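Read the numbers this way: they start at 1 and go in the same order the structure lists the ligands and their atoms. In this text the structure is predicted, and so the values were computed from the model without any measurement.
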Amino acid sequence: MNIKQTANNDNLPQPIRVGVLGFGGLGQAAAMVVAPKREMTLVAAADKGGYAYSVAGLDVLSAFAAYQSQGSVGYLEPVGTITNSSIQDLLANNHSVDGYFLALPNLPNDFIANVTKQFIASGWRGVLVDAIKRTSAVEQLLEIKAELKAAGITYMTGCGATPGLLTAAAALAAQSYAEIHQVKITFGVGIANWEAYRATIREDIGHMPGYTVDRARTMTDEEVQALLDKTNGVLTLENMEHADDVMLELAGIVDRERVTVGGVVDTRNPKKPLSTNVQITGRTFEGKISTHTFTLGDETSMAANVCGPAFGYLKAGVKLHQQGIHGLLTAAEVMPLFVR
Ligand code: NAD
């Protein structure tokens with residue numbers, strides 16, 4: 001038996017049945033994060049080539065083995081299905097899933113908005129969480145806020161690290177001030193090889209001068225490799241179009257022009273090239289100008305800082321959904337709940 005029992009005082013008597021869409025770097029890390037949790041059971045996973053669903057919970061290590069040796073979680077016996085339309089087929093089968101973490105590439109830039117429209121059209125009700133990065137991608141979701149609400153979906157957007165954990169930290173830190181002057185996010189990411197996070201690296205390349213999302217999407221692996229060879233594996237990113245800005249603006253904290261995001265990604269070394277931090281500068285009610293700084297521990301990986309918050313927001317989203325609160329919410333307006 002794989003069904004986990006839980007007793008808590010959060011009105012969540014049964015483990016939350018979660019699905020992970022996208023089973024690459026983040027999707028697999030997400031499965032590892034959920035595996036030991038008693039409040040959540042991973043019942044579904046999907047990638048480009050197939051999906052797996054089991055009401056009793058997926059065996060995570062066997063799912064990794066299927067993905068790594070045969071290229072898709074759809075090869076997971078006996079619960080996998082091979083298909084080129086995994087998300088559509090998963091939804092068509094009406095499986096019981098309370099919430100999905102969308103660990104999908106947002107390539108092209110409207111991919112996640114289009115997947116969301118598929119969820120709306122399917123009649124499924126539940127919680128969706130993304131770790132989407134671009135401002136324009138969140139704006140596409142804002143456009144379908146009313147449809148999400150009417151469909152009975154509680155959609156939590158921007159719930160990774162940045163946007164996500166750091167945006168939420170900025171929202172919390174803002175409380176000390178009467179007026180916010182600047183929010184400055186600086187991230188450092190270290191990964192051993194870029195192939196483990198292809199979509200993340202392609203999306204980052206899309207922010208570099210002379211590149212676009214579409215250019216990065218259509219680059220072959222060899223072209224990405226050649227670019228990384230030129231930069232010694234390091235990507236330096238400045239003034240990125242990151243949704244932390246629209247999220248903090250929507251939460252009524254600061255105008256988007258005052259939010260900046262940049263960072264350094266080393267694709268050849270798991271050690272972070274710099275400490276990820278967010279600095280929130282403002283004026284207190286007494287007239288003092290000050291800066292709060294929230295710095296992530298250097299030992300924490302990108303995957304830990306994305307997947308932990310994503311499930312924390314998924315749990316919060318389930319509570320909101322149970323209370324009939326549907327529509328679109330961001331990581332800057334809701335506290336994530338710790339998943340046990
Ligand atoms: P990846 O390239 O490692 O994996 C992508 C996965 O999606 C693969 O399993 C692939 O098969 C699957 N996929 C692709 N098209 C699909 C489709 N049509 N249907 C079903 N599955 C499909 O990706 P990654 O590096 O893990 O990145 C995932 C996302 O996470 C990216 O959009 C990235 O920007 C985002 N991200 C966010 C943050 C944050 O802090 N907010 C940080 C890192 C990454």
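- Residues satisfying the ring pair (Phe, Tyr, Trp, His ring centres under 6.0 Å) test with Phe294, not counting sequence neighbours, are none.
- Between Phe119 and Tyr155, the distance separating the two ring centers is not shorter than 6.0 angstrom.
- Applying the side chain to side chain donor-acceptor pair (under 3.5 Å) test to pairs two or more places apart or on separate chains, none has a residue in residues 112-121.
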Discussion item. Val183 vs Arg258, test: side chain to side chain contact (heavy atoms under 4.5 Å, CB included). Steps then yes/no.
Written reply: CA-CA 6 Å; Val183 175; Arg258 291 175 182 262; over 6 Å; no

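- In this structure, a donor-acceptor pair under 3.5 Å is present between the side chains of Asp245 and Thr135.
- The salt bridge (charged side-chain N to carboxylate O under 4.0 Å, His left out) pairs that include a residue from residues 90-100 are Arg17-Asp98, where partners are two or more places apart or lie in different chains.
- Protein residues lining ligand 1, listed by chain and number: Gly22, Phe23, Gly24, Gly25, Leu26, Asp47, Lys48, Tyr67, Ser86, Ile87, Ala103, Leu104, Pro105, Asn106, Phe111, Ala131, Lys133, Gly160, Ala161, Thr162, Pro163, Ala196, Tyr197, Arg198, Ala199, Thr200, Glu203, Met302, Val306 [non-hydrogen atoms, distance under 4.0 Å].
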